Amino acid sequence: MKRIAILHTGGTFSMQSDDQGLLTPGNYALDYIQKTVPPLFNAELHQKQLFNLDSSLFRPEHWVGIANEVYATYDDFDGFVVVHGTDTMAYTAAALSFFLKNLGKPVVLTGSQLPLKMKRSDALSNLISAVEVANSSDLREVAVQFNNTVFRGNRVKKKDAWDFDAFYSPNYRTLVKLGITMEQFHNRFFRPASGVFEIDTRLDPRVLLVPIFPGFDYTSIVPAVEGGSTRGIVIEAYGSGNVPSDDPGLEALFKAAADHRVPIAVCSQSPAGKVNLRLYKVASRAEYYGLVSAVDMTREATIVKLMVALGRYADLEKIKRFMQLNIAGEKEDETSD
Ligand code: ASP
């Protein structure tokens with residue numbers, strides 16, 4: 001009989017209204033879940049509460065805490081479900097996908113739009129579907145199960161704060177669909193190069209996200225680069241990686257970053273599609289200064305990957321190389337262009 005771990009971290013899933021009617025983490029209904037969910041499965045289900053937080057309060061330490069728990073109990077379970085708030089689920093999923101190398105089991109994040117104890121809640125059905133995927137699928141990667149659809153964890157974005165269909169993965173097709181039966185799209189699953197399962201949670205969170213928009217004074221962030229408080233930058237460019245290349249402030253930022261050996265990755269404000277710094281003349285300044293294209297990575301995955309790259313490497317070229325590689329299925333392979 002398979003053994004599945006359910007790791008609770010909070011989110012709307014466990015919330016209740018406080019005196020002022022604001023949703024806040026409530027008493028975790030572990031007993032209720034224990035009575036309701038395990039009888040549905042021919043598996044042993046073990047619950048553990050790691051945190052009980054609105055995921056907006058998560059910091060990288062929480063990602064590390066979840067990864068360490070999976071690593072410490074890896075041999076005890078056949079699959080893992082992580083119950084998590086929806087707001088930062090994409091960041092946690094991306095982080096876990098980089099931390100947990102050569103995963104041989106599913107790690108499935110889920111959550112809900114309405115609390116478990118509220119009428120019409122999606123919490124129980126999301127949890128049950130996530131357990132089904134952890135128990136019966138052939139996934140060996142970090143995934144997000146929401147509204148009966150399973151996505152690669154480092155490809156998801158939260159797209160809707162109202163609809164039960166809250167997530168999508170604009171640049172990668174879904175991995176599993178749960179209808180009357182569970183349909184697995186095996187050819188889309190991530191298969192790491194063979195190796196032993198290991199964990200590497202090193203990261204440096206000193207990453208700055210710079211969205212490009214008309215009129216922004218880019219020189220206002222140069223001191224952060226020169227003063228050392230920023231170790232890496234993610235530029236969120238227009239469309240296929242375009243920036244206002246005639247802007248002297250942006251040029252000053254690129255130059256300061258190059259002088260201080262601060263890597264810059266370029267992702268796009270358009271969720272679907274990919275960055276191509278060789279398409280428009282306005283993007284060529286980015287190429288000139290050695291900026292790295294995030295290609296089709298989400299903003300969330302790009303930020304987390306840059307943190308991880310900074311934690312693992314001191315050498316600028318190694319950091320850039322790491323950003324270019326497809327580590328955990330987070331981007332298309334460069335060779336497939
Ligand atoms: N603020 C909540 C959280 O991320 C939202 C949710 O869970 O849906 O924890």
Side-chain angles (χ1 to χ4, degrees), residues 5-30 32-33 36-37 47-67 69-70 80-97 99 107-131 133-134 142-170 174 178 205 209 271 298-301 303-304 307:
I6 303 176
L7 306 175
H8 292 282
T9 72
T12 296
F13 189 97
S14 65
M15 289 192 188
Q16 61 194 39
S17 295
D18 68 7
D19 303 345
Q20 293 156 341
L22 300 173
L23 284 175
T24 183
N27 282 334
Y28 230 117
L30 291 181
Y32 174 73
I33 296 168
T36 322
V37 182
Q47 301 192 84
K48 183 165 177 181
Q49 188 178 328
L50 298 182
F51 325 112
N52 191 9
L53 288 174
D54 189 307
S55 77
S56 309
L57 301 171
F58 270 40
R59 297 182 305 271
E61 298 91 280
H62 297 97
W63 310 338
V64 173
I66 299 168
E69 180 66 25
V70 171
F80 296 83
V81 170
V82 180
V83 177
H84 195 292
T86 59
D87 286 339
T88 64
M89 194 183 292
Y91 293 93
T92 301
L96 293 178
S97 80
F99 290 168
V107 175
V108 186
L109 283 78
T110 196
S112 68
Q113 293 284 62
L114 282 176
L116 181 63
K117 294 292 183 63
M118 218 175 250
K119 66 174 184 263
R120 296 197 307 107
S121 172
D122 52 338
L124 202 57
S125 64
N126 273 343
L127 178 62
I128 290 168
S129 293
V131 172
V133 173
V142 177
V144 166
Q145 188 301 124
F146 219 88
N147 198 36
N148 288 315
T149 308
V150 182
F151 309 95
R152 176 163 301 153
N154 52 34
R155 294 284 197 156
V156 292
K157 291 182 80 68
K158 179 173 174 178
K159 70 173 165 93
D160 207 311
W162 177 82
D163 203 291
F164 289 127
D165 191 17
F167 285 88
Y168 77 144
S169 64
T174 54
L178 294 127
L209 173 68
T298 60
R299 173 184 56 201
E300 293 85 340
I303 291 171
V304 174
M307 288 182 181

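All heavy atoms count here, side chains included; hydrogens, waters and symmetry mates do not. Both counts, for ligands and for their atoms, begin at 1 and track the order of listing. All of these numbers come straight from a predicted model, not from anything done at the bench.
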N or O pair under 3.5 Å between [X] and ligand 1:
{"X": "T86", "result": "yes"}
{"X": "K158", "result": "no"}
{"X": "S112", "result": "yes"}

Looking only at protein heavy atoms, which one is nearest to [atom], and how far off is it?
{"atom": "atom 1 (N) of ligand 1", "answer": "D87 OD2, 2.7 Å"}
{"atom": "atom 6 (C) of ligand 1", "answer": "T12 OG1, 2.8 Å"}
{"atom": "atom 4 (O) of ligand 1", "answer": "S55 OG, 2.6 Å"}

Is the NZ atom of K159 crowded by more than 12 outside heavy atoms at less than 6.0 Å?
->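 Atom NZ in K159 is packed in, count exceeds 12.
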Give me the ring orientation class for Y91 and W63: parallel if the planes are under 30° apart, tilted from 30 to 60°, perpendicular past 60°.
->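 Ring orientation, 0 to 90° scale: parallel.
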Spacing of OG1 belonging to T92 relative to NE2 belonging to H84, to within rounding of 0.5 Å =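 So the gap between those two atoms works out to 2.5 Å.
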With the side chain counted from C-beta on, respond yes when D122 and F146 share a heavy-atom pair under 4.5 Å apart, and no when they do not.
->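 SC-SC contact between D122 and F146 confirmed.
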Minimum side-chain heavy-atom gap Y32-L124 below 4.5 Å =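 Y32 vs L124: side chains touch.
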contact_flag A161 ligand 1 heavy-atom lt 4.0 Å =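 It does not, in that no heavy atom of A161 comes within the 4.0 Å cut-off of ligand 1.
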Please identify which atoms of ligand 1 are closer than 4.0 Å to at least one heavy atom of D54.
->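 Numbered from 1, ligand 1 contributes 1 (N), 2 (C), 3 (C), 4 (O), 9 (O).
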For K119 and L114, which heavy atoms make the closest approach, and how far apart are they?
->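 Looks like O-CD1, 3.8 Å.
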